Amino acid sequence: MTPPILAVFTKNRLNPAYDAARSAADRVAAESGARTMHYVPATPDDVGEQKALVIEALAARPAGVVFNPTDDRLMAEDLGRFAAAGIPVAVFINRMTGPALTFVGSDDVAIGHAVATALIGGLGGKGRIVALDGTPTAPTARDRGKGLRQAVAEHPGIELLGARVGYLQRAPAREAMAELLAAYPKIDGVWTANDMMAFGAVDALAAAGRRAEVVGVNGLPEAIANIQSGTMLATADFSALNIAAIATRAVLRHLDGKPVPKEIMVPAALIDRRNIDQWTVPMADRPCPGWGEIVR
């Protein structure tokens with residue numbers, strides 16, 4: 001029997017989180033004797049390129065799709081194309097409406113709130129902070145920003161001076177942070193919607209010779225090292241590896257005739273200096289979670 005082929009869509013090759021997601025899909029598929037084909041835009045997060053890749057994947061007739069959309073609204077018609085072709089799709093990380101088998105992700109409002117609360121706690125409940133928001137087309141970024149603003153509203157001693165969009169990437173975030181540093185002579189803390197932007201903020205602070213507490217999201221190895229060295233305060237284990245592993249398992253279960261819930265939420269723990277040791281394992285050595293570890 002020909003092994004089933006799963007088409008795996010991720011948004012870019014810049015963020016190590018997506019490297020982890022692709023690795024997880026490969027590993028889980030291999031466990032079941034399946035194979036993966038990866039579809040990644042050459043231009044990071046490019047909607048037009050992802051649409052072209054959908055057409056390419058449809059021509060290859062995969063047994064199933066593990067799909068992280070570049071834009072939850074603009075890619076909706078493409079999700080419909082898979083459905084029309086009878087191909088099951090597990091949407092992961094970025095939620096979208098449409099005929100999907102399931103959505104696998106985490107509570108991004110809660111994540112944004114948790115890292116904001118950690119930042120506020122690190123400042124003793126008082127201070128001036130800035131935010132680096134993610135790409136507006138990414139539901140994860142929009143929801144994390146909502147969580148930040150909820151946390152700020154809960155702490156009257158915190159002033160949110162301003163925000164810029166860092167596009168979930170290091171270089172744009174570095175430029176955005178440089179703008180904020182030029183605009184505000186005193187910044188005590190920096191909230192960012194993902195670790196790549198946190199790294200950009202750390203770069204900009206170092207270049208300006210300034211100091212501020214920085215938090216991110218993803219639990220990337222560089223973030224772990226930054227927390228250990230004191231250049232970041234905290235991050236969250238929004239694990240693309242775990243999420244992609246469960247999304248891949250969901251498609252394989254469906255192909256095997258087993259039930260799959262319409263939504264699967266993967267826990268995301270806060271990571272700071274108190275629990276840092278358990279996160280020092282390299283991403284490639286972290287196990288992919290089993291179905292029963294997440295879905296109960």
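What you see is a predicted model; the values in this text were computed from it and never measured.
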Trainee: Does the side chain of Asp188 reach to within under 4.5 Å of the side chain of Lys126, using non-hydrogen atoms?
Mentor: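 The answer is no, as the side chains (C-beta and beyond) never meet within the 4.5 Å cut-off.
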Trainee: Is a side-chain donor-acceptor pair under 3.5 Å present for Thr140 with Asn94?
Mentor: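 Looking only at side-chain atoms, Thr140 and Asn94 do form a donor-acceptor pair, the distance falling under 3.5 Å.
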Trainee: So, do Leu161 and Ile187 sit near enough that their side-chain heavy atoms are less than 4.5 Å apart?
Mentor: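 In short, these two side chains touch, coming nearer than 4.5 Å.
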Trainee: Under the criterion side-chain contact (heavy atoms from CB on, under 4.5 Å), which of Phe92, Trp291, Phe103 is the partner of Ile264?
Mentor: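 That would be Trp291; it is the only one of Phe92, Trp291, Phe103 passing the side-chain contact (heavy atoms from CB on, under 4.5 Å) with Ile264.
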Trainee: Does Ile5 share a hydrophobic cluster with Phe67, counting links as ILVMFWY side-chain heavy atoms below 4.5 Å and allowing steps through other members?
Mentor: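 Yes; Phe67 is reachable from Ile5 via cluster members.
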Trainee: Quick one: does any side-chain atom of Thr10 pair with a main-chain N or O of Val40 as donor and acceptor, under 3.5 Å?
Mentor: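 No; zero donor-acceptor contacts below 3.5 Å.
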Trainee: Answer yes or no: is there an ion pair linking Asp19 with Arg13, defined by an N-O contact shorter than 4.0 Å?
Mentor: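 Between Arg13 and Asp19 there is no salt bridge, as every charged N stays at least 4.0 Å from the carboxylate O atoms.
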Trainee: Can you tell me if CZ on Arg35 sees more than 12 non-hydrogen neighbours from other groups inside 6.0 Å?
Mentor: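 Counting neighbours around CZ of Arg35, 12 or fewer heavy atoms of other residues, nucleotides or ligands fall under 6.0 Å, so no.
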Trainee: Please confirm whether the backbone N or O of Met265 pairs with a side-chain atom of Ser106, one donor and one acceptor, at under 3.5 Å?
Mentor: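 No; zero donor-acceptor contacts below 3.5 Å.
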Trainee: Is Glu175 paired with Arg164 through a side-chain N to carboxylate O contact shorter than 4.0 Å?
Mentor: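 The answer is no: the pair does not qualify as a salt bridge.
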Trainee: Just wondering, do Val130 and Leu132 contact through their side chains at under 4.5 Å, heavy atoms?
Mentor: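 Answer no - side chains too far apart.
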Trainee: Can Arg170 and Glu222 be counted as an ion pair, charged N to O under 4.0 angstrom?
Mentor: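 Salt bridge: yes.
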Trainee: Indicate whether any N or O donor in one side chain lies under 3.5 Å from an N or O acceptor in the other, for Thr137 and Thr135.
Mentor: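 No, no side-chain donor-acceptor pair sits under 3.5 Å.
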Trainee: Which pair of non-hydrogen atoms, one from Ala201 and one from Met177, has the smallest distance, and what is that distance?
Mentor: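 Shortest heavy-atom separation between Ala201 and Met177 comes out as CA-CG, 3.8 Å.
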Trainee: Using only heavy-atom distances, determine whether the side chains of Tyr167 and Asp45 contain a donor-acceptor pair under 3.5 Å.
Mentor: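 Short answer, no.
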Trainee: Same hydrophobic cluster for Val115 and Phe238, using side-chain heavy-atom links shorter than 4.5 Å among ILVMFWY?
Mentor: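 Cluster IDs for Val115 and Phe238 match.
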Trainee: Could you check whether Asp133 pairs with Arg149 (Lys NZ or Arg NE/NH1/NH2 to Asp/Glu carboxylate O, under 4.0 Å)?
Mentor: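 Yes.
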Trainee: State plainly whether one hydrophobic cluster holds both Ile246 and Ile111, where clusters connect Ile, Leu, Val, Met, Phe, Trp and Tyr through side-chain heavy atoms under 4.5 angstrom apart.
Mentor: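 Both belong to a single hydrophobic cluster.
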Trainee: Please find the pair of heavy atoms, one from Ala245 and one from Cys288, that lie closest to each other, and give the distance.
Mentor: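 Between these two residues, the closest heavy atoms are CB-CB, 3.9 Å.
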Trainee: Check whether any side-chain heavy atom of Asp237 lies under 4.5 Å from a side-chain heavy atom of Asn218, and answer yes or no.
Mentor: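 No. Closest side-chain heavy atoms not under 4.5 Å.
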Trainee: Tell me whether the guanidinium CZ or amine NZ of Arg174 lies under 6.0 angstrom from the six-membered ring centre of Phe199 and within 45° of its axis.
Mentor: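 Arg174 over Phe199 ring: no.
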Trainee: Do you know the tightest heavy-atom contact between Leu270 and Ala114?
Mentor: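 In this case the closest contact between Leu270 and Ala114 is CD1-O, 4.1 Å.
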Trainee: May I ask you to decide whether Arg81 forms a salt bridge with Asp78, counting only side-chain N to carboxylate O separations under 4.0 Å?
Mentor: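 Yes.
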Trainee: Atom CD in Glu159, atom CD1 in Ile129: separation rounded to 0.5 Å?
Mentor: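 Reported to 0.5 Å precision, the distance equals 9.5 Å.
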Trainee: Is Leu255 reachable from Phe9 through a run of I, L, V, M, F, W or Y residues, each pair having side-chain heavy atoms under 4.5 Å apart?
Mentor: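 Shared cluster, no.
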Trainee: Give the cluster check for Leu233 versus Ile227: same hydrophobic cluster or not, with ILVMFWY residues linked at side-chain heavy-atom distances below 4.5 Å.
Mentor: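 No; Ile227 is not reachable from Leu233 via cluster members.
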Trainee: Under a 4.5 Å cut-off applied to non-hydrogen side-chain atoms, are Val251 and Val65 in contact?
Mentor: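 They are not in contact (no side-chain heavy atoms under 4.5 Å apart), so the answer is no.
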Trainee: Give a yes or no on this: more than 12 heavy atoms of other residues, nucleotides or ligands lie within 6.0 Å of atom CZ of Arg73.
Mentor: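 Counting other residues, nucleotides and ligands, CZ of Arg73 stays at 12 neighbours or fewer.
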Trainee: Is it true that atom CZ of Arg273 has more than 12 heavy atoms of other residues, nucleotides or ligands lying nearer than 6.0 Å?
Mentor: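 Correct, the count exceeds 12.
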Trainee: So which heavy atom on Leu168 is nearest to which on Met197, and how close?
Mentor: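 Of all heavy-atom pairs spanning Leu168 and Met197, the closest is N-SD, 3.3 Å.
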Trainee: Would you find a donor on one side and an acceptor on the other, under 3.5 Å apart, between the side chain of Arg296 and the backbone of Glu293?
Mentor: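 Looks like yes, one N/O pair under 3.5 Å.
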Trainee: Any donor-acceptor pair under 3.5 Å linking the side chain of Asp195 with the backbone of Ala198?
Mentor: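 Not at all, since once roles are kept as given, no pair shorter than 3.5 Å links the two residues.
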Trainee: Can we say Arg142 and Asp72 salt-bridge, meaning some charged N sits less than 4.0 Å from an Asp/Glu carboxylate O?
Mentor: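 Counted as a salt bridge, because a side-chain N and a carboxylate O are separated by less than 4.0 Å.
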Trainee: Could you verify whether a donor N or O on one side chain and an acceptor N or O on the other, from Asp26 and Thr36, lie under 3.5 Å apart?
Mentor: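 The criterion, which ignores hydrogens and geometry beyond distance, is satisfied for Thr36 and Asp26.
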